[in-house]
Amino acid sequence: MSMINKILASQLLVFFICVIAEAHARKTLYTDDGICKRMVETQGYACEEHKVTTVDGYILSLQRMPAGRSGKAADKPPVLLHHGLFIVGALLVETLFFFKDAITWLFNTPEESLAYILADKGFDVWLANTRGTKYSSAHTSLSPNDMAYWDWSWDELVSYDLPASLSYVFNHTAQKMHYVGHSLGTLTALAAFSEEQLMNMLRSAALLSPIAHLNQIMSQPTKLAADLFIANDVYWLGLHEFIPNENVASKFLEGICRSLKLNCSDLMTVFTGPNCCINSSRINIFLNNEPQPSSTKNLIHLSQMIRTGKIAKYDYGNEEQNIQHYGEASPPLYDMASIPNGFPLFLSYGGQDMLSDVNDVKLLLTDLKDHHKNKLVLLFIENYAHADFVMGVNAKQIVYDPIMAFFNDN
Ligand SMILES: *[C@@H]1O[C@H](CO)[C@@H](O)[C@H](O)[C@H]1NC(C)=O
Ligand SMILES: *[C@@H]1O[C@H](CO)[C@@H](O)[C@H](O)[C@H]1NC(C)=O
Ligand SMILES: *[C@@H]1O[C@H](CO)[C@@H](O)[C@H](O)[C@H]1NC(C)=O
């Protein structure tokens, strides 16, 4: 490691330790009325809270918006919106500035946010929340204070969370649905599709800022954090829950910016790329809200992808344990080329996105080269970065209108 990496690594360590200690203190704050009462009904929309239990016992919340603001009941198919999860280095910024739960889709005004726009257009809107996030923190036998509660990576989101949320909506509405994912909400969907899962319940999928291959990632702090996580995986696994905190985070970030000689007057840019179209005064409004936890195992899994460039299941780091879990010495790969060629996919990616890098998206498109041309819609937006897709004030015209046209065709 170079000198600068060493300085950075030690800062990261101190930072992460503080953060995790504080996380436990904050847990008591985890009570309120839920997303419907807090966000949706206040905008004049009907909203229902639902719960579904995964096969491995996590109790996930789902919100449903069954009608538009006018009160007219949905007459179009269900759409399940799936938020991202933070990515290793970007975790700081993503969790400081975004809600990485269903609130992602309700961030801007009803005229600008995808969930409201879909409801107003007559879609039956469902919002998913993955395990460990604020509104999906219950479990049939474990508590977030138990180490075993955090023993998962995104493999479990593919195997358990997605099937639970989708089959709940499918059973409840008796209809196939459309899927919209952002960031890691695209990785889990692509991984499931590559195993030919879930598609019996889906009409189509729209993937924004798609994440599959991660080895071209441009975000330098994210890369460094990934290296650190891999180097210390045993240590991190002992901490099991990972939740950043604003105060410590901003101090840490000042340090990281000085070490790397980055101009951090705009932190979101440093980690996610120069978002063109975000209303920065609105970001400040949300700064006071709490960050979302993830499991350290998940961060290590993502770090492995950044390091190896492979889309594989979690690597236990030794042959014996991999054989025990997978019956093979190395973790099995998710083969994106196995995604059925006739499944309708809409992929939108941005030229300024430092997490879903254009070159990584091109690798994914190489995997999808045999996909039927009329079943793969690509929308490249030169001036968009990672957050513009969910928070851009002009995303309706640029991204959401084309998505709705795609849904109407599929
Ligand atoms: C949906 O229905 C199927 C078939 O009845 C059942 O096996 C499955 O557990 C249900 N899923 C949920 C989440 O209720
Ligand atoms: C950092 O960026 C801000 C806004 O883009 C600019 O106003 C400021 O002068 C820059 N600072 C340095 C040291 O380059
Ligand atoms: C930005 O957000 C603020 C706070 O919600 C709002 O008052 C302002 O009109 C918004 N500006 C634009 C350009 O949308």
Side-chain angles (χ1 to χ4, degrees), residues 34-36 40 46-67 73-85 100-105 115 118-119 123-144 148-182 184-207 292 294-295 298 334 339-340 343-344 407 410:
I35 289 175
C36 279
V40 183
C47 188
E48 303 167 1
E49 293 282 352
H50 293 260
K51 296 247 181 268
V52 60
T53 304
T54 66
V55 171
D56 58 348
Y58 292 82
I59 301 168
L60 309 180
S61 78
L62 289 159
Q63 291 76 37
R64 179 192 201 183
M65 298 167 66
D75 54 5
K76 294 208 174 99
V79 181
L80 181 72
L81 303 189
H82 209 290
H83 63 87
L85 292 170
K100 288 286 128 180
D101 57 22
I103 289 176
T104 303
W105 307 104
L118 288 168
F123 289 96
D124 180 8
V125 177
W126 292 77
L127 307 171
N129 298 271
T130 49
R131 60 182 60 192
T133 55
K134 179 170 178 178
Y135 299 104
S136 293
S137 58
H139 186 279
T140 49
S141 64
L142 299 170
S143 116
Y149 179 93
W150 297 101
D151 184 18
W152 52 269
S153 77
W154 60 264
D155 288 331
E156 280 71 28
L157 307 183
V158 176
S159 314
Y160 302 119
D161 284 26
L162 271 183
S165 298
L166 264 75
S167 73
Y168 184 89
V169 175
F170 185 64
N171 289 3
H172 200 88
T173 62
Q175 286 196 70
K176 284 188 174 193
M177 72 208 82
H178 299 289
Y179 179 92
V180 181
H182 176 243
L184 289 206
T186 69
L187 173 63
T188 48
L190 287 165
F193 301 161
S194 77
E195 296 183 328
E196 300 190 34
Q197 302 295 315
L198 310 180
M199 281 173 293
N200 59 326
M201 294 181 277
L202 287 174
R203 292 167 195 262
S204 75
L207 306 178
Q292 294 292 322
S294 183
S295 75
N298 191 36
Y334 292 101
I339 295 174
F343 181 69
F407 286 166
N410 284 287

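Read the numbers this way: they start at 1 and go in the same order the structure lists the ligands and their atoms. Computation of the quantities below employed the complete heavy-atom set of this structure, encompassing side-chain atoms and omitting hydrogens, waters and symmetry-equivalent molecules.
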Requested in this report: Indicate yes or no for a side-chain donor-acceptor contact from Y58 to the backbone of Y149 under 3.5 Å, with no hydrogens or angles considered.
Outcome: yes

Query raised in the report: For atom 13 (C) of ligand 1, which protein heavy atom lies nearest, and how many Å away is it?
Result: S167 OG, 3.2 Å

**Report entry** Protein non-hydrogen atom below 4.0 angstrom of atom 5 (O) of ligand 1 present
**Finding:** no

Query raised in the report: With no hydrogens and no angle check, is any side-chain donor or acceptor of E49 less than 3.5 Å from a backbone partner on I35?
Result: yes

Query raised in the report: Considering only heavy atoms of V52, which atoms of ligand 1 have at least one such atom less than 4.0 Å away?
Result: 13 (C)

Report task. Go through the side-chain N and O atoms of Q63 and N129 and say whether any donor and acceptor fall under 3.5 Å apart. Result -> yes

Query raised in the report: Protein heavy atoms: any of them under 4.0 Å from atom 11 (N) of ligand 1?
Result: yes

Query raised in the report: Given the side-chain rings of Y334 and W154, with only the six-membered ring counted for Trp, is the space between their centroids under 6.0 Å?
Result: yes

Query raised in the report: Taking the minimum heavy-atom distance to atom 1 (C) of ligand 1, which of N171, V55, L166 ranks first?
Result: N171

Query raised in the report: Is it true that H83 and H182 have ring centroids separated by less than 6.0 Å?
Result: no

